[in-house]
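Below is one structure; the comments refer to it alone.
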Amino acid sequence: MPVVQMRPFSYDICDHSTAAEVERIKSAYAKYAERDRGNPDRERRPGRLRMVRDRDVALYRLLDREAAPPLKQYRVLDLGCGTGDLVRRLQRYGFPNDRLFGIDLLPEALATARRKCPDVSFTEANAENVPFPDQHFDFILVFTMFSSILSPLMARNVAREINRVLTPNGVIIWYDMRYPNPWNRNVRAMTRRHIQDLFPEFESELASKTLIPPIAYRLGALTDPLYPALTFFPAFRSHYFGMLQRASAAVAEPGDTVSSPLRPTELKSGRSASV
């Protein structure tokens, strides 16, 4: 694995006032992990599996469009990588192990990620201070991370770091909640306005995605017929999925599509905003 010059920690970047927010996030995710250990079937519910499958199809379609082969030319960061499930999907898509990187706050989650993807570089770090050089990543995946940050200061710090380590023409791949969760005070809605406030120099291409989880989880054996019927209505879609790119970055012509031989055969490339 090639050696990457890591960026030293700096208290000038990570404000002391966000330390309490970091501890709150760690505590919340420790409770989630304990809850999931007590209910091993939770992850295998048909509605949840369908949510993940639809999100992954959207991700692969976006990558088909934005990532021209060879994939080894790109560096990809999963920021807030958790237990590595998303990194494993990127492996399956075809990104080489030495071009994939994951960062997370939680050492227990990272230990699981390293078992799943032993040849990928995972780093324990606060996303307010990403330990990589400027303009280092071509794709940065930010999946359900900002909704977990309640501190506006910390969110701004993280957005600033993403902006710093992203290449000039790089892409942020976004997936996060657009609705609040009244049953979980540890998350907040990431509306279009909130996203634009965090990334004012970026243009966004976002579409509503994912059936509202409390509904999806209860579909059971009726998931296959009911899930697509319910997600036909935008009001029932709880997340935004898509990409953010600097307004100054070069934009491909509408007719330019890229097809990767490594993509699943059922997927098609396209330029539609409603992935």
Side-chain angles (χ1 to χ4, degrees), residues 4-26 28-29 62 66 74-82 86-87 99-106 109-110 121-178 186-206 239-251:
V4 175
Q5 183 64 44
M6 303 295 275
R7 185 167 179 259
F9 184 86
S10 168
Y11 281 109
D12 293 333
I13 294 173
C14 181
D15 194 290
H16 287 279
S17 64
T18 65
E21 177 68 355
V22 170
E23 293 307 310
R24 184 198 62 79
I25 293 170
K26 288 182 176 180
Y29 275 88
L62 190 152
E66 299 297 329
Y74 302 108
R75 291 192 187 98
V76 184
L77 173 64
D78 182 8
L79 195 59
C81 63
L86 191 56
V87 170
R99 311 302 281 179
L100 293 172
F101 300 84
I103 288 177
D104 203 273
L105 274 174
L106 308 175
L110 288 170
S121 174
F122 291 101
T123 304
E124 180 183 346
N126 181 346
E128 292 178 277
N129 187 33
V130 176
F132 287 95
D134 295 356
Q135 301 182 9
H136 194 68
F137 294 103
D138 304 284
F139 293 99
I140 298 180
L141 280 67
V142 186
F143 280 36
T144 59
M145 187 185 71
F146 276 100
S147 58
S148 298
I149 301 173
L150 302 186
S151 162
L153 173 60
M154 184 174 183
R156 289 194 299 270
N157 289 344
V158 173
R160 180 178 60 192
E161 279 294 271
I162 292 172
N163 197 359
R164 180 184 66 79
V165 299
L166 189 68
T167 58
N169 293 328
V171 170
I172 300 169
I173 303 180
W174 181 276
Y175 177 76
D176 214 333
M177 301 164 51
R178 68 189 186 113
N186 285 304
V187 297
R188 65 166 178 156
M190 289 305 301
T191 63
R192 289 183 183 272
R193 179 177 177 180
H194 285 145
I195 297 168
Q196 192 62 45
D197 286 346
L198 288 172
F199 298 98
E201 299 176 2
F202 286 68
E203 292 183 349
S204 64
E205 181 184 308
L206 301 171
H239 291 58
Y240 282 127
F241 173 84
M243 59 177 275
L244 290 79
Q245 191 171 35
R246 292 186 183 90
S248 58
V251 178

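Every value quoted in this text rests on a predicted model; they were computed, and no experiment measured them.
- Between S148 and Y29 the shortest heavy-atom distance is OG-OH, 2.7 Å.
- The line from CD of E201 to CG of L244 is 12.5 Å long, rounded to the nearest 0.5 Å.
- Checking Y240 against S204 by side-chain atom types alone, no donor-acceptor pair falls below 3.5 Å.
- When side chains are defined from C-beta on, M145 counts as touching V158, because their heavy atoms get closer than 4.5 Å.
- Of all heavy-atom pairs between C81 and L110, the closest is SG-CD2, 3.7 Å.
- Counting only heavy atoms from C-beta outward, the side chains of K26 and L106 approach each other to under 4.5 Å.
- Side-chain atoms of E161 and L79, non-hydrogen and from C-beta on, never get closer than 4.5 Å to each other.
- Partner of T191 under the side chain to side chain donor-acceptor pair (under 3.5 Å) criterion, out of R193, R188, H194: H194 alone.
- Taking OH of Y74 as the reference point, atom CZ of F137 lies at 15.5 Å (rounded to 0.5 Å).
- Heavy atoms only, all atoms of each residue included: V142 and I162 are closest at CG2-CD1, 3.9 Å.
- Taking 4.5 Å as the limit, some side-chain heavy atom of N163 sits within range of a side-chain heavy atom of F202.
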After noting the C-alpha distance and the side-chain angles of E66 and I173, does the key distance pass the side chain to side chain contact (heavy atoms under 4.5 Å, CB included) rule?
CA-CA 11 Å; E66 299 297 329; I173 303 180; over 6 Å; no

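- Residues L166 and R246 come closest through the heavy atom pair O-NH2, 3.4 Å.
- Ring geometry for H239 against Y175 counts as parallel: the plane angle stays under 30°, on a 0 to 90° scale with 60° as the upper cut.
- In this structure, the side chains of L198 and R156 come closer than 4.5 Å at one or more pairs of heavy atoms.
- The side-chain heavy atoms of S151 and N157, taken from C-beta on, include no pair separated by under 4.5 Å.
- For the pair R75 and F101, the cation-pi test (distance below 6.0 Å, angle within 45°) is failed.
- Not one N or O on the side chain of D78 forms a donor-acceptor pair closer than 3.5 Å with the backbone of G102.
- Salt bridge D134/R164: present, at least one basic N to carboxylate O contact under 4.0 Å.
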Determine, stepwise, if the pair I25 / M154 fulfils side chain to side chain contact (heavy atoms under 4.5 Å, CB included).
CA-CA 11 Å; I25 293 170; M154 184 174 183; 4.0 Å; yes

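- For P131 against I103, the heavy-atom pair with the smallest separation is CD-CD1, 3.7 Å.
- Atoms CH2 and OG1, on W174 and T144 in that order, are 10.0 Å from each other to the nearest 0.5 Å.
- Put simply, the side chain of V171 does not reach to within 4.5 Å of the side chain of D138, judged on heavy atoms.
- A side-chain contact (heavy atoms from CB on, under 4.5 Å) with L141 is found for exactly one of L77, V87, V76, namely V76.
- Contact detail for Q245 and N169: the closest heavy-atom pair is NE2-O, 2.8 Å.
- Put simply, CD1 on I172 and CE on M243 are 9.5 Å apart, with the number rounded to the nearest 0.5 Å.
- Checking side-chain atoms of T167 against main-chain N and O of G170 turns up a donor-acceptor pair under 3.5 Å.
- For the pair R178 and L206, the minimum side-chain heavy-atom distance is 4.5 Å or more.
- The backbone N or O of L150 sits less than 3.5 Å from a side-chain atom of E21, completing a donor-acceptor pair.
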